[in-house]
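Working notes, beginning with the structure itself.
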Amino acid sequence: MIEVKNVTKTYGKKQNAFRALKDVSLTIPDGASVAILGKSGSGKSTLMHAMSGLDRPEKGEVVIDGEDILKLKQKAVDRFRAEKIGFIFQSFFVQGNESVYDNVSLPLEIARVPQKKRKTRVGQALKAVELSDKIKSKAKNLSGGQKQRLAIARAIANEPSIIFADEPTGNLDSVTGAKVEELLFGYNKNKGVTLIIVTHDAELAAKCDMIVNIKDGKIESVEQKKAQPTARKVVQ
Amino acid sequence: MRIADVIKRAGRNLRQAKGRTILTSLAIGVGAFTIALAMAAGNGGRNYLDGVVSGAGDMRTIQVSAKQNFDTSEDDKPKKIGEEAPAATVNAFRELTPSDRETIAKIDGVEKVLPIFGVDVHSVAANNSDEYEGYMKVQYDGTAIDLTAGKLGDNNEILPGQVVLPHKYVESFGFKNAEAALGKKLTAKFNAPDGSTFAREFTIVAVDAQPTSPLAFYQDEFRISNKDGEEIAKLQRPADAPESYYALMVTTNESANVDTVKQAILDAGEYEAQTFAEMRTSIMEMVNIVQYGLMGFGLLAIIASVFGIINTQYISVLERTQQIGLMKALGMRRRDVGRLFKIEAAWIGFLGGIIGVGLAFLVTLLNPVIADVISLEKGTELLQMDWLMSLVLVAALMLVAVMSGHFPSRKAAKLDPIEALRTE
């Protein structure tokens with residue numbers, strides 16, 4: 001479970017200060033698929049960064065599995081990200097010069113997974129995104145859709161409990177986008193992994209269990225799409 | 001991240017920027033090459049000199065001869081017209097006497113004094129050849145002689161009755177080759193004090209070789225044992241004349257300081273003395289100067305290359321901002337990110353070191369050419385790789401590279417992943 005409590009994040013100082021998040025509170029149950037929906041500049045990315053331990057808001061708590069990650073030391077936050085979180089980005093961020101295998105292996109190396117185990121996990125992850133036959137190809141030779149599938153493989157390789165996807169289909173055409181969505185939601189349902197999608201695409205958001213509308217650093221509304229047995233009432 | 005994985009990733013990153021990596025390494029390689037070559041030259045030079053000097057004599061040996069008094073005080077002055085030019089003084093070579101020998105033997109630190117007799121040969125002949133002029137030298141110690149044929153006993157000893165033939169005489173005496181001369185008889189005639197000559201027969205036990213090096217003094221001399229020399233010298237002396245010596249070879253005690261003993265000898269009378277240690281030291285100094293000079297240039301090249309590494313790594317950090325951001329987002333620790341860039345720098349240093357040492361090694365393969373050009377003995381290796389020091393050099397370069405990589409790697413480690421991932 002992810003609990004965001006009264007989080008405030010300010011960028012810049014004094015006259016230039018810009019409050020990207022204003023006293024935001026939110027609870028996300030385990031295994032849910034959540035869309036954080038908002039326009040650019042609304043603070044949705046900042047919220048994602050705060051929840052994933054990439055950024056440190058100056059006020060509030062982010063409690064994940066009973067632990068406030070904002071109170072952790074940098075080293076512990078890094079380990080938390082390496083072990084529990086998977087990231088998917090709009091522009092993929094796959095390493096073009098490296099092989100597909102090495103791309104997927106990176107988070108496992110960072111998490112200090114032993115070599116043998118790495119091999120099986122990379123194999124499994126690539127199988128899940130149907131890229132097994134490209135294992136030795138250079139990532140730059142893949143198509144856009146394949147690159148994003150590679151990024152998904154990278155995100156799931158270390159079997160995270162939470163996946164953050166920042167505009168995962170933003171750079172893809174509708175057909176390949178649909179394939180990526182299918183993969184993400186399938187993984188969410190089959191493995192019970194919490195999926196948090198940051199997007200401005202209402203259509204994509206509509207496919208999630210829960211939609212968090214964010215505007216000007218504040219949560220406007222939270223829509224619960226389906227009855228989720230584990231989902232709790234969202235505190236605003 | 002495990003260190004082994006960091007090293008592998010660092011290696012891969014460098015391979016992806018081959019051109020840049022090689023160029024940066026080459027800059028270090030130039031310095032490494034110069035230093036490795038300097039070490040090879042120093043190493044080879046020292047070994048070579050040790051060979052020459054040990055051939056020339058023991059480090060505890062002092063050669064003492066009589067100081068020759070040639071009066072030169074007036075010779076240089078302009079002469080007036082009509083002034084009688086002073087008769088050219090034919091100074092007889094002053095030899096040392098038994099009393100000199102006693103004086104020197106009494107000096108502190110002198111272990112042994114060996115007289116060297118001068119013999120005056122009238123003619124030499126072998127193999128029924130004509131009689132030739134020649135010089136004869138008494139072999140007084142274990143000085144190594146380079147030989148083309150034959151063999152000497154232990155400690156290069158020439159036994160009484162034996163002679164080492166100078167190679168130039170092989171043809172004159174009508175031998176097919178040096179090997180053919182071995183075991184043959186050589187007849188030498190010597191001047192007796194009464195004007196007649198007396199003959200002696202020697203067995204040719206070996207033939208000497210071409211001059212070994214420009215540093216080693218060489219003359220076409222028939223070399224005989226000291227014992228034969230003593231006997232012949234005795235026969236050549238007028239009956240009433242005392243013994244006289246061409247030179248005295250003084251060996252010092254192991255505990256004595258050769259230079260102190262030498263000074264004591266000089267103070268004891270009209271002598272000239274030279275130690276082999278002196279000869280060795282002065283030449284060794286030259287070798288050292290060359291070596292340190294070269295090393296200095298190498299060091300400068302390395303200092304210059306340090307800036308190259310810093311620059312390259314900075315560019316690398318800029319180029320890979322996104323990659324760094326991703327790695328940090330995925331939970332890679334600051335320390336590991338810094339390490340990645342430091343290890344890349346270490347790889348560059350390693351590569352540069354290997355390139356430099358490898359090139360230096362290639363140059364040492366030119367030893368035969370070098371020996372030929374400066375007319376050293378065949379097989380002389382003036383450049384000898386110092387592999388252990390080369391290893392130390394490569395390690396030191398890796399260290400230098402890591403230190404140069406410090407600032408860029410710190411920049412990488414400090415990158416904010418959010419900012420880094422925003423740059424597209």
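Nothing here was measured: the structure is a model prediction, and the numbers come from that model. Each chain gets a letter, A, B and so on, in the order its sequence line appears, and its residues count up from 1.
A distance-only check finds no donor-acceptor pair linking the side chain of Arg79(A) to the backbone of Arg333(B) [under 3.5 Å].
Heavy atoms of Arg334(B) lying under 4.5 Å from chain A belong exclusively to its backbone. Of the atoms belonging to Phe80(A), not a single heavy atom falls under 4.5 Å from chain B. Both the backbone and the side chain of Asp102(A) come within contact range of chain B, judged by heavy atoms closer than 4.5 Å. Heavy atoms closer than 4.5 Å to chain B are found in both the backbone and the side chain of Glu109(A). Using a 4.5 Å cut-off between heavy atoms, Arg12(B) contacts chain A through its side chain alone, with no backbone atom that close. At a 4.5 Å heavy-atom cutoff, the contact between Ser105(A) and chain B is made by backbone and side-chain atoms alike.
Nearest approach of Ala329(B) to Leu54(A), heavy atoms of both residues: CA-CD2, 3.6 Å. Of all the heavy atoms in Leu330(B) and Phe87(A), the pair that sits closest is CD2-CD1, 4.3 Å. When all heavy atoms of Met332(B) and Asp78(A) are compared, the closest pair comes out as O-OD2, 4.0 Å.
Of the listed residues (Gln95(A), Gln74(A), Gln115(A)), the one with the most heavy-atom contacts under 4.5 Å to chain B is Gln95(A).
Here the CG-CZ distance, from Asn97(A) to Arg320(B), works out to 10.0 Å after rounding to the nearest 0.5 Å. For the atom pair CD1 (Ile110(A)) and CZ (Arg2(B)), the distance works out to 13.5 Å, reported to the nearest 0.5 Å.
Environment of NZ in Lys411(B): sparse, with no more than 12 heavy atoms of neighbouring residues, nucleotides or ligands closer than 6.0 Å. The environment of Tyr314(B) atom OH is dense: over 12 non-hydrogen atoms of other residues, nucleotides or ligands sit within 6.0 angstrom. Residue Tyr11(A) qualifies as enclosed at atom OH: its count of foreign heavy atoms under 6.0 Å is above 12. Applying the 6.0 Å contact sphere to NE2 of His200(A) captures no more than 12 heavy atoms from other residues, nucleotides or ligands.
At least one side-chain heavy atom of Glu98(A) sits less than 4.5 Å from a side-chain heavy atom of Asn13(B). Residues Asp5(B) and Arg118(A) are in side-chain contact: their nearest non-hydrogen atoms beyond the backbone lie under 4.5 Å apart.
Under a 4.0 Å N-O distance rule, the pair Asp336(B)/Arg112(A) does not qualify as a salt bridge.
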Would Leu421(B) and His49(A) satisfy side chain to side chain contact (heavy atoms under 4.5 Å, CB included), going step by step from the backbone distance to the final call?
-> CA-CA 12 Å; Leu421(B) 288 177; His49(A) 293 150; over 6 Å; no

